[in-house]
> 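Submitted below is the structure of interest, expressed as structure tokens.
Here is the naming used below: chain letters follow the sequence lines, and residue numbers restart at 1 for every chain.
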2 protein chains.
Amino acid sequence: MPAKKPARRVTSTDVARETGLSRATVSFVLNDTPNQSIPQATRQRVLEAAARLGYTPYAPARTLRSGRSDLIVCELPDWPQSPTMAEFVDRAGEVLAEAGYTLVTHVHTDRPGGLGRLCAALAPAAVFGMRPFPPQDVEAMRRARVGVILPPPQAGSGDDLGASVWTTGIGRMQAEHLIAKGHTRIACALPDDPRVSDLSAGRAAGAAQACADAGLPAPARSPVPLDIDGAAGVVSAWRASPDAPTAVCAYNDEVALALLAGMRRLGLSAPGDLAVIGADDIPAARFAAPPLTTIALDSGDLGAHLARALLRTLDGEEQDLTLAPHGVHVVERESA
Amino acid sequence: MPAKKPARRVTSTDVARETGLSRATVSFVLNDTPNQSIPQATRQRVLEAAARLGYTPYAPARTLRSGRSDLIVCELPDWPQSPTMAEFVDRAGEVLAEAGYTLVTHVHTDRPGGLGRLCAALAPAAVFGMRPFPPQDVEAMRRARVGVILPPPQAGSGDDLGASVWTTGIGRMQAEHLIAKGHTRIACALPDDPRVSDLSAGRAAGAAQACADAGLPAPARSPVPLDIDGAAGVVSAWRASPDAPTAVCAYNDEVALALLAGMRRLGLSAPGDLAVIGADDIPAARFAAPPLTTIALDSGDLGAHLARALLRTLDGEEQDLTLAPHGVHVVERESA
DNA sequence: CAGGCGCACTAACACGTGTAACCTGATGGT
DNA sequence: ACCATCAGGTTACACGTGTTAGTGCGCCTG
């Protein structure tokens with residue numbers, strides 16, 4: 001491997017010259033364009049030359065010509081990413097690759113406009129994420145002629161994609177588990193991180209629905225600081241209140257772990273003094289004291305499912321995107 | 001907002017027609033090409049029309065013309081991603097954006113070739129990641145004329161980027177902390193996940209270096225299963241061995257949490273019976289019992305630093321990429 | 001043997017952009 | 001009076017690809 005790089009790109013013109021054919025014929029072979037009669041011998045000759053020269057079609061030119069790129073952008077949340085998330089992206093990418101698309105991800109930043117600039121640079125066929133995009137970015141995507149945007153910008157915050165699976169469904173399942181265990185006074189523990197306020201509100205709303213269905217009072221919502229003393233303070237406040245909750249739905253496993261640590265400091269333990277259920281099933285959950293009961297979802301399946309829905313929408317079918325809560329289930333350990 | 005979408009892209013021809021100027025003049029204004037005399041009035045007119053029409057230059061065409069794209073790909077590892085990771089990407093993206101580049105990420109998958117296809121589709125200016133790329137992908141990137149690849153493929157696994165900061169440096173600092181606390185018999189706890197075997201080996205090697213520097217015997221390496229019983233088994237085995245370790249460097253916080261849980265099951269506690277130090281400072285670390293001492297690194301700074309090094313390399317400077325361990329430090333809690 | 005027809009292939013255009021080269025008046029210097 | 005210069009533009013080409021509209025040519029058929 002020489003250090004000098006001539007830096008000359010191998011184009012389809014090169015393989016045309018190599019085979020003595022025209023560039024058009026080469027293109028027909030490489031894309032197996034239908035309604036073209038090309039003898040097997042020629043076909044072989046082209047493929048061989050292409051492989052020998054190491055020809056790779058230049059995507060920008062292809063995109064320019066065809067008007068649409070085969071890229072799909074997935075916006076990753078900046079909240080702590082479980083291995084779950086990697087699996088989600090992995091499976092979604094697999095499904096999309098099968099359909100000829102290429103998946104790239106983009107980590108969300110607080111500065112708005114980043115996603116918009118990205119879409120201007122990529123001209124992707126579709127963009128999807130787990131929560132609604134800021135209007136500024138949506139505008140940029142529209143200008144970049146992005147075909148499909150998920151969740152759709154016009155959907156209210158109540159019935160969009162994020163709400164259906166990652167939020168409402170999870171919160172509901174948390175509360176249902178606690179209710180099945182006999183609890184009647186339930187609280188919701190929310191993080192005080194504003195970045196996830198919409199998500200946490202959604203999960204709490206799901207829990208509230210489950211309580212209403214069971215004829216129970218709506219759960220109180222308390223922000224929980226992510227340090228031991230702060231969490232202990234919240235627990236003390238709960239126990240001092242007139243209708244003290246006996247169980248709590250934590251926004252996620254980290255909030256739940258904070259609560260368990262706070263209880264430990266107060267000499268309390270779960271589930272006896274207070275049952276705690278988390279969400280996401282992060283690896284640390286099983287090592288907590290006591291091991292944390294939580295909600296897991298098979299995000300691999302979810303990713304594949306979502307990707308398929310996206311493909312259908314790209315094909316023009318007006319598709320409703322309310323996802324069935326595929327494989328979301330309770331992982332029962334000891335804390336609830 | 002009408003439902004009908006004419007789906008016509010706004011091109012620079014449109015703004016030329018709108019202003020009554022030629023397309024070239026428009027281009028000169030929008031890129032403020034030097035050595036062109038354009039009166040302020042015309043300039044204003046163009047900018048205004050561009051804004052009014054919502055013109056966005058079409059990246060594929062621009063890339064095709066200029067030969068180089070402004071994209072840079074960052075391959076994210078599929079190991080559990082701490083918020084740390086998001087911060088790393090965020091800061092790196094910020095620095096690159098200042099220089100006119102756009103950062104996209106791609107989550108690593110086990111199937112090789114994914115990254116290669118991505119590069120063929122994006123034709124990025126550079127690709128960087130945290131560990132060496134498989135040869136198949138490197139070949140694809142070379143064909144796609146990717147300018148800079150980090151870590152460079154020819155570098156051995158000993159001195160590349162990943163080894164310098166994420167592995168050796170961290171392992172060394174773990175061991176140094178334990179040695180400073182008076183420990184002389186140290187063990188290393190490795191995960192049994194093959195995906196991170198190279199990383200964990202690097203961290204263990206760093207710890208071994210520190211021990212050698214202090215004249216201590218090389219630490220034993222034990223794989224730790226990520227469940228309580230398995231971890232407890234490893235701890236028992238250590239204590240039964242003739243030269244039982246008094247402290248252990250865990251590959252990361254999750255392994256450390258597993259060890260703490262295993263010890264708890266055995267009725268042991270840290271740091272009295274066995275000191276445990278983790279790495280990464282995940283949020284759950286501070287909620288462990290006892291709170292976990294660990295190594296944190298300011299990955300925001302690290303990302304910015306790495307991005308700047310990448311930019312220098314793109315500018316042609318032959319840059320050595322051994323990163324100074326920026327802001328890696330011990331977070332001392334109670335477990336060690 | 002003229003005409004029609006499928007085969008194998010090619011010439012030429014379009015996509016949207018950046019830029020080098022050229023053009024046209026007006027002005028200034030000698 | 002004449003050339004040089006310069007402001008303020010425009011024309012034309014290149015980038016690499018996909019695709020439409022042909023173009024010869026051999027073969028079959030009436």
> Using the closest heavy atom to pick a nucleotide of DNA chain C for each, name whichever of A:S37 or A:G20 lands nearer the 5' end.
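Upstream on the strand: A:S37.
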
> Mind calculating the distance between CD (A:Q40) and P (C:dC7) to the nearest angstrom?
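In whole Å, C:dC7 P lies 15 Å from A:Q40 CD.
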
> Whole-Å distance between D:dT19 P and A:L30 CG?
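One finds 13 Å between P of D:dT19 and CG of A:L30, rounded.
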
> Could you pull out the closest heavy-atom pair between A:T102 and B:L118, with the gap in Å?
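In this case the closest contact between A:T102 and B:L118 is CG2-CD1, 3.5 Å.
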
> Indicate for each nucleotide in nucleotides 11-21 of chain C, in 5' to 3' sequence, whether protein heavy atoms under 4.0 Å reach the base (B), only the sugar-phosphate (S), or nothing (-).
B--BBBBBB--

> Check A:R117 against B:A97 and note the closest heavy-atom contact, atom names and distance.
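Residues A:R117 and B:A97, closest heavy atoms: NH2-CB, 3.8 Å.
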
> Any side-chain N or O of A:T25 under 4.0 Å from OP1/OP2 of C:dC9?
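Negative; the distance criterion is not met.
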
> Can you measure A:L21 atom CG to C:dA8 atom C1' for me and round it to whole angstrom units?
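Rounded to whole Å, this separation is 10 Å.
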
> Is there a side chain to side chain contact (heavy atoms under 4.5 Å, CB included) between B:V146 and B:I149? Walk through the geometry before answering.
CA-CA 7 Å; B:V146 174; B:I149 301 176; 4.1 Å; yes

> Given atom CZ of A:R17 and atom P of C:dT10, what is their separation to the nearest angstrom?
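From A:R17 CZ to C:dT10 P: 14 Å.
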
> In whole angstroms, how far is the C1' atom of D:dG18 from the CG atom of A:N35?
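Value for this atom pair: 15 Å.
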
> The test is side chain to side chain contact (heavy atoms under 4.5 Å, CB included); show your working for B:V107 and A:L76 and say whether it passes.
CA-CA 10 Å; B:V107 180; A:L76 297 180; 4.2 Å; yes

> For residues B:P60 and A:T63, report the shortest heavy-atom separation together with the two atoms involved.
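Here B:P60 and A:T63 meet closest at CG-CG2, 3.6 Å.
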
> What's B:T42 touching, base or sugar-phosphate or nothing? Going by heavy atoms closer than 4.0 Å.
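B:T42: backbone/sugar contact only, no base atoms under 4.0 Å.
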
> To check you understand the geometry: which heavy-atom pair defines the closest contact between A:L115 and A:H106, and what is its length?
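Scanning both residues completely, I find the closest heavy atoms to be CD1-ND1, 3.7 Å.
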
